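Input: a single structure, listed below in structure tokens.
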Amino acid sequence: MRKLALQLYTVRESLGADFVGTLKQIAAIGYKGIEGAGNLGDMPARDLAKILDDLGLKMISGHVSLEAIRNGLDREIDAYAALGARYLGLAWMAAGERRDAAAYRALAGELETIARKCAPAGLTFFHHNHDFEFEQYGGQYGLDILLGASDPALVKSELDVYWAAHAGVDPSAYLRRLSGRAPLVHLKDMSTDAARTFEIVGEGSIDFAPIMAASDETGVDWHVVEQDRCPKGELHSARASFDNLRAKGWF
């Protein structure tokens with residue numbers, strides 16, 4: 001059975017205004033999992049774990065920046081392990097990071113080192129893509145260089161289908177290339193207008209049916225709804241995305 005989570009970046013402003021109240025609304029919508037993104041409520045992990053348990057929510061994974069990893073990896077590992085997460089991942093490469101073939105190879109080695117530190121805590125490490133990882137260097141995507149230079153047993157991938165499509169890459173075809181290496185998939189939709197911006201899942205231009213088929217074939221563990229910007233409201237977007245996916249019979 002497919003499992004559906006919400007990336008908390010989608011509701012970051014709501015969390016800032018009422019952290020626990022927002023978690024309650026996420027659970028009421030029907031999500032069974034959440035993926036962290038920085039704000040964990042400014043409380044001890046054991047207290048948050050109790051709240052999540054009471055709400056029937058599971059912290060499946062966490063997004064952390066490269067800066068946070070380099071300056072406080074142990075703290076991130078301790079927090080997410082205490083919350084019962086199975087995954088921890090690099091959210092993105094900041095604009096200031098060098099992006100070329102050599103940089104991706106160097107990053108691969110760094111991510112392997114990070115993954116080895118995560119493993120004893122029961123955390124599998126992953127990389128989450130944007131569109132720039134699909135720029136080509138010598139005929140290879142940056143993401144292919146990064147993953148090809150890292151041990152697939154250590155460094156996994158969380159494929160963001162919006163950013164793949166935004167770069168002109170077929171998400172379902174690329175997911176099949178990652179077979180067995182992408183335990184997490186971000187379900188994010190694209191507007192149908194020329195702006196090609198973020199849209200409520202199921203109300204945009206991305207065809208999710210082949211993505212679901214590819215997910216079933218390749219061993220995806222969790223699907224994660226995310227919308228980077230929500231003009232119609234954060235919780236409205238979270239709810240509408242959930243309802244649209246359920247209406248299709250996918251969850």
Side-chain angles (χ1 to χ4, degrees), residues 2-10 12 15 23 26 31-53 55-94 97 104 106-130 133 143 146-147 149-160 175 178-187 215 218-226:
R2 300 184 189 121
K3 297 178 289 187
L4 188 61
L6 179 71
Q7 163 57 249
L8 293 183
Y9 187 74
T10 306
R12 58 194 177 277
L15 288 168
L23 291 179
I26 293 169
Y31 287 100
K32 298 304 180 186
I34 54 174
E35 182 175 65
N39 180 11
L40 294 177
D42 297 321
M43 67 182 78
R46 65 179 180 276
D47 293 346
L48 178 54
K50 176 65 165 58
I51 291 169
L52 295 178
D53 187 57
L55 293 174
L57 283 173
K58 180 176 179 59
M59 181 69 75
I60 66 164
S61 64
H63 273 200
V64 291
S65 68
L66 199 52
E67 180 182 9
I69 290 170
R70 287 169 174 167
N71 296 327
L73 178 59
D74 290 344
R75 182 171 59 251
E76 301 290 348
I77 289 173
D78 290 346
Y80 279 100
L83 291 168
R86 287 190 57 195
Y87 306 99
L88 185 67
L90 175 62
W92 78 306
M93 290 172 60
E97 293 288 329
Y104 281 115
L107 180 61
E110 184 174 3
L111 297 189
E112 280 192 0
T113 299
I114 294 164
R116 289 190 180 94
K117 293 180 179 178
C118 289
L123 292 167
T124 297
F125 194 77
F126 65 86
H127 169 274
H128 168 265
N129 67 279
H130 290 74
E133 283 98 343
L143 185 55
L146 172 64
L147 296 176
S150 56
D151 185 343
L154 289 171
V155 180
K156 305 298 183 180
S157 174
E158 178 180 55
L159 183 67
D160 187 303
L175 185 56
L178 295 173
S179 184
R181 197 173 182 178
L184 306 172
V185 170
H186 266 199
L187 301 182
S215 296
T218 58
V220 171
D221 187 16
W222 281 87
H223 294 81
V224 185
V225 166
E226 183 182 36

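Values in this document were obtained by computation on a predicted structure and should not be read as measured data. In this chain, residues are counted from 1 in sequence order.
Partner of C118 under the side-chain contact (heavy atoms from CB on, under 4.5 Å) criterion, chosen from T124, I69, L123: L123. The only option from L23, L6, V224 that meets the side-chain contact (heavy atoms from CB on, under 4.5 Å) definition with Y31 turns out to be L6. A ring pair (Phe, Tyr, Trp, His ring centres under 6.0 Å) with H186 is found for exactly one of H223, H130, H128, namely H128.
Proximity of a side-chain donor or acceptor of R181 to a complementary backbone N or O of L147 within less than 3.5 Å is detected. One N or O on the side chain of K58 and one on the backbone of G84 form a donor-acceptor pair closer than 3.5 Å.
Residue-environment remark: NZ (K32) stays at or below the threshold of 12 foreign heavy atoms within 6.0 Å. Residue D42 qualifies as open at atom CG: its count of foreign heavy atoms under 6.0 Å is 12 or below. Counted within 6.0 Å of CZ on R70, heavy atoms from surrounding residues, nucleotides or ligands total more than 12; the atom is thus considered enclosed. Annotation: E97, atom CD; neighbour count of heavy atoms from other residues, nucleotides and ligands within 6.0 Å is above 12.
Closest approach of A45 to A79, counting heavy atoms only: CB-O, 4.0 Å. When all heavy atoms are compared, the tightest approach of L83 to A49 is CD2-N, 3.7 Å. For G36 against L8, the heavy-atom pair with the smallest separation is CA-CD1, 4.2 Å. Shown here for Y80 and A37, the closest heavy-atom pair between the two residues is OH-N, 4.0 Å. Minimum interatomic distance between A121 and I77 (heavy atoms only, all atoms of both residues): CB-CG2, 3.5 Å. Of all heavy-atom pairs spanning L57 and G33, the tightest one is CD2-N, 4.2 Å.
Rounding to the nearest 0.5 Å gives a distance of 9.5 Å between CD1 of I34 and CD of Q7. The NZ atom of K156 sits 8.0 Å away from atom CG of D151, with the distance rounded to the nearest 0.5 Å. N129 CG to L178 CG: the interatomic distance, rounded to the nearest 0.5 Å, is 8.5 Å. From I114, atom CD1 reaches atom CZ of R116 across 11.5 Å, with rounding to the nearest 0.5 Å. A distance of 10.0 Å separates CH2 in W222 from CG in L184, rounded to the nearest 0.5 Å.
Checking E35 against S61 by side-chain atom types alone, a donor-acceptor pair falls below 3.5 Å.
In this structure, the side chains of L52 and L48 come closer than 4.5 Å at one or more pairs of heavy atoms. Looking only at side-chain heavy atoms (C-beta outward), L88 and V64 come within less than 4.5 Å of each other. Taking the side chain as every heavy atom from C-beta outward, L66 and E110 approach each other to under 4.5 Å. By the 4.5 Å heavy-atom criterion applied to side chains, L187 and L4 are counted as neighbours. Contact check for E158 versus D160: no side-chain heavy atoms found under the 4.5 Å cut-off. Side-chain contact between I60 and D221 is absent, with no heavy-atom pair separated by less than 4.5 Å. Annotation: side chain of L146 is not in contact with side chain of E133 (no heavy-atom distance under 4.5 Å).
Taking the six-membered ring for Trp, H63 and F126 have ring centres closer than 6.0 Å.
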